[in-house]
Amino acid sequence: MNRHRLQQLFDTLFDCHGQQGWWPADSDIEMSFGAILVQNTNWTNARLAIEQLRKESLLNQLALLECPQDRLETHIRSSGYFRQKAARLRIFCRWLVDHGGFESLRRRSTSDLRESLLGLSGIGPETADCILLYAFERPVFVADGYARRILERLGLTNGSKASAYEKIRRLVEEEIRMDAGAFKEFHALLVTHGKKVCGPKPDCKVCDLSGVCRFHHDKVRLAGATERRN
DNA sequence: ACCCAGGGTCATA
DNA sequence: TATGACCATGGG
């Protein structure tokens, strides 16, 4: 069934790309900030912003909440959408403070935490699940754009459209039973593989799993990606 | 001069 | 429910 093929996908990705070791961060809050700062941006730009925040000693709730908005925007400018993201960091920090910080939040259930995170403006399903998985160590499948596209093309989504984040997330979580550590690797491997372009005649073991994984053979925009103007 | 990168919100039909 | 506009930087 799908369970076997999902496991096979994981094993093949691991053989192809090796241990990824995500998410690089020294603390839960640094990881969470990274999840917000990396939204629709490459990790290099997000990391530069994190290093600025570190240099300014702003990698904690209270310090960040005290930092003036315009200075916060300047510090994270490299991550793009810096006005939105400065506001989002603030909203997240306010949430942390109001709920007693990570230590207190750890006692809550995964579904409870997810619902609470999704209530914050600027935290969508993918960002919430990344925080749940990497900061709270909950066994959650991050059904990001790469994962959805690869699974759909391998015929593993039971007809769910690639735009259906929640359906695909539940589907995978019900099919295979992994601990948080394995889900971390799975997410990182899918993103790493999804970014990789092999060329016209790829030597790609993942594609060999199925004839319908044609990611490396054409250019298809990720669902939800935006058109650029001007 | 393009295109892309580890999304999310809001207005509209 | 499902598109479309918008947010913005840095690297190839």
Side-chain angles (χ1 to χ4, degrees), chain A residues 13 17-25 28 30-53 69-92 95 114-135 140-152 159-169 172 180 183-199 215-216 218-230:
Chain A
L13 286 169
H17 305 292
Q19 181 103 19
Q20 300 299 303
W22 285 16
W23 194 294
D28 295 329
E30 179 183 335
M31 182 273 138
S32 303
F33 283 4
I36 291 170
L37 292 171
V38 81
Q39 287 171 354
N40 203 37
T41 304
N42 56 63
W43 178 247
T44 302
N45 285 2
R47 201 167 51 78
L48 287 171
I50 293 171
E51 293 313 317
Q52 279 301 311
L53 293 179
Q69 182 75 9
D70 56 339
R71 271 211 276 158
L72 185 53
E73 289 174 359
T74 302
H75 293 140
I76 66 171
R77 192 169 115 312
S78 68
S79 69
Y81 306 148
F82 54 85
R83 295 188 187 88
Q84 286 188 355
K85 286 177 180 176
R88 290 174 184 188
L89 290 178
R90 253 173 213 297
I91 290 171
F92 179 74
W95 176 79
R114 177 183 283 112
E115 194 178 346
S116 188
L117 281 166
L118 290 176
L120 304 180
S121 180
I123 307 280
E126 183 171 341
T127 307
D129 285 337
C130 282
I131 293 172
L132 287 172
L133 175 58
Y134 293 97
V140 160
F141 180 70
V142 181
D144 61 52
Y146 294 120
R148 298 198 303 271
R149 181 168 59 189
I150 291 170
L151 293 180
E152 183 176 33
S160 296
K161 292 165 73 174
S163 58
Y165 182 100
E166 189 63 15
K167 284 186 179 172
I168 294 179
R169 191 202 110 229
V172 173
F183 272 124
K184 289 181 186 180
E185 280 306 310
F186 205 6
H187 170 229
L189 286 166
L190 285 164
V191 173
T192 297
H193 183 77
K195 289 159 67 83
K196 195 172 177 62
V197 177
C198 297
F215 171 68
H216 303 287
D218 56 19
K219 303 272 263 184
V220 177
R221 201 170 281 277
L222 279 171
T226 61
E227 296 292 335
R228 293 183 89 240
R229 300 277 158 190
N230 74 334

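Sequence lines set the chain letters: A, B, ... in the order given, protein chains first and strands last, and positions in each chain run from 1. Values below: every heavy atom of this structure, side chains too, minus hydrogens, waters and symmetry copies.
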- Can you tell me, in whole Å, how much space there is between the P of dG10(C) and that of dG8(B)? 22 Å
- Mind listing the closest non-hydrogen atom pair of Leu117(A) and Ile123(A) along with its distance? O-CB, 3.4 Å
- Mind calculating the distance between CG (Asn40(A)) and C1' (dC7(C)) to the nearest angstrom? 9 Å
- Message: Restricting to ring pair (Phe, Tyr, Trp, His ring centres under 6.0 Å), what partner residues turn up for Trp43(A), sequence neighbours left out?
- Response: Trp23(A)
- Going by heavy atoms closer than 4.0 Å, what residues in residues 69-78 of chain A are next to DNA chain C? Arg77(A), Ser78(A)
- Answer whether the closest heavy-atom distance between the side chains of Thr41(A) and Lys85(A) falls below 4.5 Å. yes
- Rounded distance (Å) that lies between atom P of dC7(C) and atom CD of Gln84(A): 8 Å
- Query: Do Gln39(A) and Arg88(A) come close enough that some side-chain heavy atom pair is under 4.5 Å?
  - Reply: yes
- Message: To the closest 0.5 Å, what do you measure between OH (Tyr134(A)) and NZ (Lys184(A))?
- Response: 7.5 Å
- Message: Using side-chain heavy atoms (C-beta onward) and a distance below 4.5 Å, is Asp28(A) in contact with Ile131(A)?
- Response: no
- Between atom CG in Leu48(A) and atom C1' in dG11(C), what is the gap in whole Å? 11 Å
- With sequence neighbours excluded, residues passing side chain to side chain donor-acceptor pair (under 3.5 Å) with Asn45(A): none
- Quickly work out the Ile36(A) CD1 to dC7(C) C1' distance and round it to whole Å. 15 Å
- Report yes if some heavy atom in the side chain of Thr127(A) is under 4.5 Å from a heavy atom in the side chain of Val38(A); otherwise report no. no
- Item | Between dC4(B) (P) and Asn42(A) (CG): distance, integer Å | 14 Å
- Mind calculating the distance between CG (Leu37(A)) and P (dT9(C)) to the nearest angstrom? 14 Å
- Note on the structure: When Thr127(A) and Asn45(A) are each assigned the nearest nucleotide of DNA chain B, the 5'-most assignment goes to Asn45(A)
- Residues passing the ring pair (Phe, Tyr, Trp, His ring centres under 6.0 Å) test with His75(A), sequence neighbours excluded, are none
- Query: Is there a side-chain polar atom (N or O) of Tyr165(A) under 4.0 Å from OP1 or OP2 of dG7(B)?
  - Reply: no
- Note on the structure: Between Thr44(A) and Lys85(A), whichever has its closest DNA chain C nucleotide further toward 5' is Lys85(A)
- Message: Counting C-beta onward and ignoring hydrogens, is there a side-chain heavy-atom pair between Ser78(A) and Arg47(A) closer than 4.5 Å?
- Response: no
- Integer angstrom distance from the C1' of dT3(C) to that of dA5(B): 22 Å
- Message: Please report the distance, rounded to the nearest Å, between NE2 in His187(A) and C1' in dG7(B).
- Response: 12 Å
- Picking from Thr44(A), Asn42(A), Leu48(A), Leu37(A), what satisfies side-chain contact (heavy atoms from CB on, under 4.5 Å) with Ser79(A)? Leu37(A)
- CD of Gln52(A) versus P of dG10(C): gap in Å, rounded? 11 Å
- Give the intermediate values and the outcome of salt bridge (charged side-chain N to carboxylate O under 4.0 Å, His left out) for residues Arg149(A) and Glu152(A). CA-CA 5 Å; Arg149(A) 181 168 59 189; Glu152(A) 183 176 33; over 6 Å; no
- Query: Given the rule that a pair is Watson-Crick or G-U wobble with both distances under 3.5 Å, how would you write DNA chain B in dot-bracket, using | for pairs to a different strand?
  - Reply: .||||.|||||||
Give every pair of a protein N or O atom and an N or O atom of nucleotides 9-13 of chain B that lie under 3.5 Å apart, one pair per line with the distance.
from	atom 1	to	atom 2	distance (Å)
dT9(B)	OP1	Gly122(A)	N	3.0

